[in-house]
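One-based numbering along the sequence shown.
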Amino acid sequence: MISEQKNRIRTLLIFGLLCWVGMTGPWGRVWASGFSDIVAQVKPSIVAVGTTDPMPGTPPNFLGTGFVVGDGNYVVTAAHVTSLPLDYERKQTLAVYSGDARHLRTTVVEISANDSEHDLVLLHAEGLNLKPLRLGDSTRLREGDALAFTGFPLGYVLGFYPVTHRATLSALTPIVMPMAHSTELTGRAIRQMPTPYLVFQLDATAYPGNSGSPLYEAATGRVIGLLNLVMVKSTKESLLSDPSGIAYAIPGEYIVQLLRSAGINP
């Protein structure tokens with residue numbers, strides 16, 4: 001009888017310890033704070049970035065994802081998302097898409113500031129007036145932190161429905177990896193060599209349409225990075241024949257610098 005009681009007590013103690021570890025670990029803290037509420041707060045600030053033209057019947061052309069900052073009339077995205085040449089004969093312009101699938105809103109934008117080194121661009125959209133996301137301190141992140149990103153992974157293929165992915169910060173890794181032989185170097189890698197910097201490596205699969213998606217703290221919703229599926233992956237994974245399933249993000253400290261260069265208080 002005494003032995004059974006000891007076993008029960010031991011079992012309860014082990015169960016309690018496991019619950020404590022789960023609730024104090026990175027995703028445990030997220031569950032306690034209500035991750036669903038965080039996603040609901042973030043989604044209204046997510047926009048699709050693309051082009052539009054006045055031709056009737058022309059469907060939206062999504063090129064990537066962006067998120068609202070500043071006074072609600074600015075959008076941050078990846079610079080390569082906006083690099084597609086515009087068809088001026090068709091009066092094509094850059095635009096962001098907001099609202100929802102039933103009430104899609106198109107707002108013409110212009111480039112306000114550009115940071116080509118970190119593949120960041122700031123767009124200005126007069127009259128957008130959406131709730132801006134808050135920025136966090138990306139320099140305080142630690143490997144193992146619980147993060148998330150929200151965007152349009154396959155553009156308009158899935159419709160205007162922002163998709164959220166959970167992720168863990170797997171590593172802080174240099175944007176350029178050392179090569180065993182000079183023949184392995186790509187033009188992009190060579191251009192990055194004079195000014196290497198660290199990027200965030202995530203244990204999540206993202207897709208081209210996720211470029212420009214905000215990477216945020218799952219417990220607070222504060223943005224601490226920007227998903228990049230072109231510049232970073234093509235530099236770090238140039239020798240891979242198949243996608244690795246790893247996602248990368250530009251640290252948020254460079255977003256802060258971009259905003260300050262445009263006279264915006266982050």
Side-chain angles (χ1 to χ4, degrees), residues 39-116 119-135 148-165 206-216 221 223 226-231 250 255 258-259 262-264 266:
V39 173
Q41 294 171 19
V42 168
K43 284 179 66 174
S45 303
I46 304 300
V47 299
V49 181
T51 60
T52 184
D53 63 61
M55 294 291 291
T58 303
N61 182 26
F62 289 6
L63 301 174
T65 303
F67 59 96
V68 180
V69 295
D71 63 359
N73 293 306
Y74 288 90
V75 170
V76 174
T77 187
H80 72 261
V81 169
T82 64
S83 63
L84 187 72
L86 298 174
D87 187 343
Y88 292 106
E89 291 186 3
R90 297 178 57 182
K91 299 182 180 180
Q92 193 176 62
T93 58
L94 283 174
V96 296
Y97 296 90
S98 58
D100 56 44
R102 294 172 298 175
H103 303 95
L104 188 62
R105 176 186 172 197
T106 305
T107 307
V108 174
V109 299
E110 59 182 14
I111 294 176
S112 178
N114 198 320
D115 177 1
S116 58
D119 197 31
L120 298 172
V121 68
L122 179 67
L123 306 176
H124 182 246
E126 191 65 42
L128 185 62
N129 296 326
L130 293 178
K131 181 182 177 181
L133 292 181
R134 300 171 299 164
L135 299 183
F149 56 91
T150 301
F152 301 95
L154 297 175
Y156 201 60
V157 173
L158 301 179
F160 196 72
Y161 298 95
V163 179
T164 298
H165 301 256
Y207 299 87
N210 277 122
S211 282
S213 297
L215 178 68
Y216 53 91
V223 177
L226 179 140
L227 267 287
N228 190 300
L229 274 295
V230 173
M231 183 184 76
I250 304 296
I255 301 175
L258 177 70
L259 296 182
I264 299 173

Among residues at least two apart in sequence or on other chains, which ones pass side-chain hydrogen bond (donor to acceptor under 3.5 Å, both in side chains) with [X]?
X    : result
T150 : T164, Y216
T82  : none
N114 : none

L259/L135 under side-chain contact (heavy atoms from CB on, under 4.5 Å): CA gap, chis, key distance, verdict: CA-CA 11 Å; L259 296 182; L135 299 183; 3.5 Å; yes
Distance-minimising heavy-atom pair for [X] and [Y]:
X    : Y    : value
L86  : Q92  : CA-OE1, 3.5 Å
P214 : I46  : CG-CD1, 3.4 Å
A95  : T106 : CB-CG2, 3.9 Å
T65  : T77  : O-OG1, 2.6 Å
A125 : T107 : CB-CG2, 3.8 Å
G151 : P153 : O-CD, 3.3 Å

V75 side chain near L122 side chain, heavy-atom distance below 4.5 Å: no
Close side-chain approach of T51 to T93, heavy-atom, < 4.5 Å: no
Spatial distance of atom [atom1] ([X]) from atom [atom2] ([Y]) [nearest 0.5 Å]:
X    : Y    : atom1 : atom2 : value
L130 : S45  : CG    : OG    : 7.0 Å
K131 : Q41  : NZ    : CD    : 5.5 Å
S112 : N73  : OG    : CG    : 11.0 Å
N61  : T52  : CG    : OG1   : 9.0 Å
F149 : L227 : CZ    : CG    : 5.0 Å

Listed partners of D71 passing salt bridge (charged side-chain N to carboxylate O under 4.0 Å, His left out), at least two apart: none
Stepwise ring-ring contact (aromatic ring centres under 6.0 Å, His included) check, F152 with Y207: CA-CA 8 Å; F152 301 95; Y207 299 87; over 10 Å; no
R105 side-chain N/O to L128 backbone N/O, donor-acceptor pair under 3.5 Å: yes
Sidechain-backbone polar pair: D100 side chain, H103 backbone, donor-acceptor under 3.5 Å: yes
V76 and L226: CA distance, side-chain angles, deciding distance, side-chain contact (heavy atoms from CB on, under 4.5 Å) verdict: CA-CA 9 Å; V76 174; L226 179 140; 3.6 Å; yes
Criterion side-chain contact (heavy atoms from CB on, under 4.5 Å) on V69 and V223, from CA distance to verdict: CA-CA 10 Å; V69 295; V223 177; over 6 Å; no
Residues forming a ring-ring contact (aromatic ring centres under 6.0 Å, His included) with Y97, sequence neighbours excluded: F62
Results of ring-ring contact (aromatic ring centres under 6.0 Å, His included) for Y74 - residues two or more places apart only: H124
Polar contact flag, side-chain donor to acceptor under 3.5 angstrom, S211-N228: no
Candidate pair H80 and D119, rule side-chain contact (heavy atoms from CB on, under 4.5 Å), full reasoning: CA-CA 7 Å; H80 72 261; D119 197 31; 2.6 Å; yes
